[in-house]
There are 2 protein chains.
Amino acid sequence: MRPAKAVETGVPDVTTAQRILDVAEVLAQTRGFNGFSYADIASQLGMTKASLHYHFPSKGELGRALVARYHENFAAALATIDRAVKVPAEKLRRYAGLYDSVMRKDRMCLCGMLAAEYSTLPEAMRTALIAFFNANESWLAAVLEHGREGGAFSFRGSPKARAQSLLGALEGALLVARAYGDDRRFRATAKQLLDDL
Amino acid sequence: MRPAKAVETGVPDVTTAQRILDVAEVLAQTRGFNGFSYADIASQLGMTKASLHYHFPSKGELGRALVARYHENFAAALATIDRAVKVPAEKLRRYAGLYDSVMRKDRMCLCGMLAAEYSTLPEAMRTALIAFFNANESWLAAVLEHGREGGAFSFRGSPKARAQSLLGALEGALLVARAYGDDRRFRATAKQLLDDL
DNA sequence: GTCTATAGGCAGATAGAC
DNA sequence: GTCTATCTGCCTATAGAC
């Protein structure tokens, strides 16, 4: 039986693989997937490149794991919103808040960043990336449809089409605001997008 | 006096520097600035890497020239729109058409791509990038203000704020649509953005 | 202006000791 | 699991012949 560890502190096990992903995620969100190397991760963790390859044999594998975990965490955040809030407009406000918290950390959405690099990504990462966007769109479309039925929104067109443009608009707002280094700019655009519904 | 060349064909001089920029532009728009090398350009032009360095001593220099030329061409396109069209809504339709023509070539807007890579860019490129966005926003803000005064638009908020969110939304729509490889998706979003004004 | 040749460094990745 | 050592290849960039 596996021994319980760090029970006193209440701090759960953090595996090396997780710590690698943590560092890689920040690097990928700030510099892009092609903008960092195993050496960057290794130096930040005080270990060697060879050790990283034990956990993630190739960079493509690392990237795939990165997107998968990001997707899981995002899905969990959406589930939390669904549990905590029932009002569609407030759901969307919180959804935009997820992007805002990324902006405040001076990062880009991981998947927005990877979308820019799409043509250079291995197939497994491409597939995972599209899955992330699809999940976001489905969630958004459901909220939008529900909100319009309830009279909270009055947008034209299908909920699906709206979901697509909203997703793109938030990613783009983040992309440009980050270049300006201005998070108020992102919030102003996000508010406007939601007010337009 | 410099001898006239290619007068018979009516084809103007295309300098080597221009041809280098042409190839580099496509590469930067599809793979990102960190996603291509001098070797890629050289092989496409049938010349050596060393020759490229004669025209552009460093990759940063090449990138700066890339953004500067892109900005010039974009400004010229906006001037053409201003000359050909007076109706604000139609001006914006043509503006979105500029992005659409990029999408149809399976490329990303050069500056949207560079915005993703912002933190890895040399200072000169960052400055040129922001200048591009500023010019776009100024043009958009003027058209939006004019259109609202004329009763064509009824958006809320300042024209400047609208210009910022419109620019971001178009860049983001392009970014995501490109990952899906679906240009109809881009056009649907663009239409929606303009209809919302 | 374009070439050959090469420098010097960093990339992702592997072998094998501990 | 982590290390040292190393491989192979590509990167940006330069020197100097033509």
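Below, each value reflects all heavy atoms present in this structure, side chains not excepted, and no hydrogens, waters or symmetry copies.
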Closer than 4.0 Å, any side-chain N/O of B:His53 to the OP1 or OP2 of C:dG1?
no
Would you say B:Ser58 reaches D:dT12's phosphate, i.e. side-chain N/O to OP1/OP2 under 4.0 Å?
no
List in numerical order all residues of residues 26-38 of chain B for which some heavy atom is under 4.0 Å away from an atom belonging to DNA chain D.
B:Phe36, B:Ser37, B:Tyr38
Dot-bracket notation for DNA chain D, counting Watson-Crick and G-U pairs under 3.5 Å, with | for partners on another strand
||||||||||||||||||
Does a side-chain N or O from B:Thr48 land closer than 4.0 Å to OP1 or OP2 of C:dT4, or not?
no
Run the salt bridge (charged side-chain N to carboxylate O under 4.0 Å, His left out) check on A:Asp100 and A:Arg93 step by step: do they pass?
CA-CA 10 Å; A:Asp100 187 38; A:Arg93 228 183 52 76; over 6 Å; no
Would one find a side-chain N or O of A:Ser51 under 4.0 angstrom from OP1 or OP2 of D:dC3?
yes
For A:Leu52 and C:dA11, give me the distance from atom CG to atom C1', rounded to whole Å.
13 Å
So with a 6.0 Å cut-off around NE2 of B:His146, is the heavy-atom count from everything else above 12?
no
Applying side-chain contact (heavy atoms from CB on, under 4.5 Å) to B:Arg187 and B:Arg104, what does each step give before you reach the verdict?
CA-CA 10 Å; B:Arg187 283 191 290 280; B:Arg104 285 171 194 268; 3.2 Å; yes
d(CD1, B:Ile41; C1', D:dC11) in whole Å
13 Å
Aromatic plane relationship, A:Phe132 with A:Tyr70 - under 30° parallel, 30 to 60° tilted, over 60° perpendicular:
tilted
Below 3.5 Å between N/O atoms, which protein atoms pair up with nucleotides 5-7 of chain C? Just atom names and distances, please.
none

Rounded distance in Å - CZ (B:Phe56) to C1' (C:dT2):
16 Å
Atom CZ of B:Arg148 with >12 non-hydrogen neighbours under 6.0 angstrom
yes
Is any side-chain heavy atom of A:Thr30 closer than 4.5 Å to one of A:Phe36?
no
